[in-house]
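As structure tokens, the structure follows; a few thoughts come after it.
Letters go in sequence order (proteins before strands), and every chain restarts at 1.
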There are 2 protein chains.
Amino acid sequence: MSWDTGTAGEPPVLHDPDHPPVEEIELTTVLAALAEPARLTILRTVATTGEASCSDIWERTGLGGTKSTMSHHYKVLREAGVLHMRYVGSRKFATIRRADLDTRWPGLLDAVLRD
Amino acid sequence: MSWDTGTAGEPPVLHDPDHPPVEEIELTTVLAALAEPARLTILRTVATTGEASCSDIWERTGLGGTKSTMSHHYKVLREAGVLHMRYVGSRKFATIRRADLDTRWPGLLDAVLRD
DNA sequence: ATCCAAGTTCGATGATCACCGAACAGTACG
DNA sequence: CGTACTGTTCGGTGATCATCGAACTTGGAT
């Protein structure tokens, strides 16, 4: 896949339609994404597990919700700029956008995860 | 005023009915309180101004809301454990519960304020 | 007592949100 | 092929939330 929106002759600008670029991540959106117990649990699970598929997260967190509810949470975390999703086959693997978040708000993620 | 709920002969336990004790402050509640642009503005104003009355905050932030809306935001921030309110006469002065928040989640407040 | 300034509280309203079930799409495997 | 697995999307529902206006309380000043 290639989300090339650049002009011919100029350096191509790859714009991932799913993930917001670093500079467009908003603090209030991040905070709102993390201000939900289930999503905070998801974040912590990914933090300790490393890259994990959605079904893995579902098992490890023990969150009782349905698939659609989980999918909703993933979407919120992804659109907020907290999680990065890697699509491989029919599975989806999540990682924390640590470098991006640390660049924008140093110490924020560490403070939230060290609890 | 005295919120003495202790038993006679035992060390009195002062329980402030307005502010949650440090150990009862919850992370998701704090994040939810800060995940609102107006409240984040209020927090930053108090952070730079120091102790400020509600009307001072209202003027300095330039938030356009009504008095009741502002009062609502103060209540959310206070009940979340973010702001401490000092009542003097008919005025109310707000400070950030920095020590308490730094104890629970070191670096969180700094990360949010350094933006 | 009178007036005003500072905040709170009480409905009410419109918006947003978390959650669900059902239907759907894509991939992997027999 | 069909079946199972993984995850999304869509409508709907009940709950929560931000905002407002109006009425109220309290305190200070004249």
Side-chain angles (χ1 to χ4, degrees), chain A residues 1 16-19 26-43 45-46 49 51-80 82-95, chain B residues 1 16-19 26-43 45-46 49 51-80 82-95:
Chain A
M1 48 186 141
D16 185 337
D18 290 337
H19 303 84
E26 289 192 32
L27 180 55
T28 53
T29 309
V30 171
L31 295 177
L34 302 184
E36 222 282 335
R39 288 195 288 262
L40 202 49
T41 303
I42 292 173
L43 180 79
T45 300
V46 178
T49 305
E51 192 175 53
S53 73
C54 295
S55 55
D56 282 350
I57 295 173
W58 188 82
E59 291 178 2
R60 286 187 222 267
T61 56
L63 292 171
T66 64
K67 279 193 302 176
S68 56
T69 299
M70 293 296 284
S71 184
H72 164 68
H73 287 318
Y74 296 138
K75 187 179 183 183
V76 172
L77 287 167
R78 173 176 50 78
E79 290 181 337
V82 175
L83 289 188
H84 177 265
M85 298 304 197
R86 179 174 143 248
Y87 304 82
V88 51
S90 72
R91 286 199 212 84
K92 207 166 88 170
F93 289 89
T95 48
Chain B
M1 48 185 137
D16 185 336
D18 290 336
H19 302 84
E26 289 192 32
L27 180 55
T28 53
T29 310
V30 171
L31 294 177
L34 302 184
E36 221 283 335
R39 288 195 288 263
L40 202 49
T41 302
I42 292 173
L43 180 79
T45 299
V46 179
T49 305
E51 192 175 54
S53 72
C54 294
S55 55
D56 283 350
I57 295 173
W58 188 82
E59 290 178 2
R60 292 187 151 97
T61 56
L63 292 171
T66 63
K67 277 194 303 176
S68 57
T69 299
M70 293 296 284
S71 184
H72 164 68
H73 287 318
Y74 296 138
K75 186 179 183 183
V76 172
L77 287 167
R78 173 177 49 80
E79 290 181 337
V82 176
L83 290 187
H84 177 265
M85 298 303 197
R86 181 175 141 249
Y87 304 83
V88 51
S90 72
R91 287 200 212 86
K92 206 166 89 169
F93 290 89
T95 47

Between dC17(D) (C1') and L31(B) (CG): distance, integer Å: 17 Å
Comparing nearest nucleotides in DNA chain D, the 5'-proximal residue of the pair V88(B), C54(A) is C54(A)
Rounded interatomic separation in angstrom, taking CZ from F93(B) and P from dA6(C): 11 Å
In terms of side-chain heavy atoms of T69(B), which of dG27(D), dG7(D), dT19(D) is nearest? dT19(D)
Under 4.0 angstrom between S90(B) side-chain N/O and dT25(D) OP1 or OP2: no
What is the separation between atom CE on M70(A) and atom P on dG7(D), rounded to the nearest whole Å? 10 Å
List the residues meeting side-chain contact (heavy atoms from CB on, under 4.5 Å) with E79(A), not counting sequence neighbours, and say none if there are none. K75(A)
How many Å lie between NE2 on H73(A) and C1' on dT6(D), as a whole number? 18 Å
For S68(A) and dG7(D), is the shortest distance between a side-chain N/O and OP1 or OP2 below 4.0 Å? no
Output yes when at least one side-chain N/O atom of R91(B) is less than 4.0 Å from OP1 or OP2 of dG28(D), else no. no
List the atom of A80(B), the atom of V30(B), and the distance in Å for their closest heavy-atom pair. O-CG2, 3.7 Å
Under-3.5 Å donor-acceptor pair between S71(A) side chain and dG7(D) base: no
Quickly work out the L40(A) CG to dA18(C) C1' distance and round it to whole Å. 16 Å
Quick check on E26(A): does its CD atom have over 12 non-hydrogen neighbours (other residues, nucleotides or ligands) under 6.0 Å away? no
Taking the side chain as every heavy atom from C-beta outward, state whether L77(B) and L43(B) have any atom pair closer than 4.5 Å. no
Rounded to whole Å, the CG-P distance (L34(A) to dC17(C)) equals 15 Å
Between dC17(D) (C1') and K75(B) (NZ): distance, integer Å: 13 Å
In short, D56(B) meets A52(B) closest at the heavy-atom pair CB-CB, 4.3 Å
Euclidean distance, atom OH of residue Y87(B) to atom C1' of dA5(C) [Å, nearest integer]: 18 Å
Heavy atoms within less than 4.0 Å of DNA chain D: which residues of residues 59-67 of chain A have one? Give them sorted by number. K67(A)
Shortest non-hydrogen contact from A38(B) to H73(B)? CB-NE2, 3.8 Å
Measuring from K67(B):NZ to C54(B):SG, what's the distance to the nearest 0.5 Å? 11.0 Å
Tell me whether the side-chain N/O atoms of H72(B) come closer than 4.0 Å to OP1 or OP2 in dG7(C). no
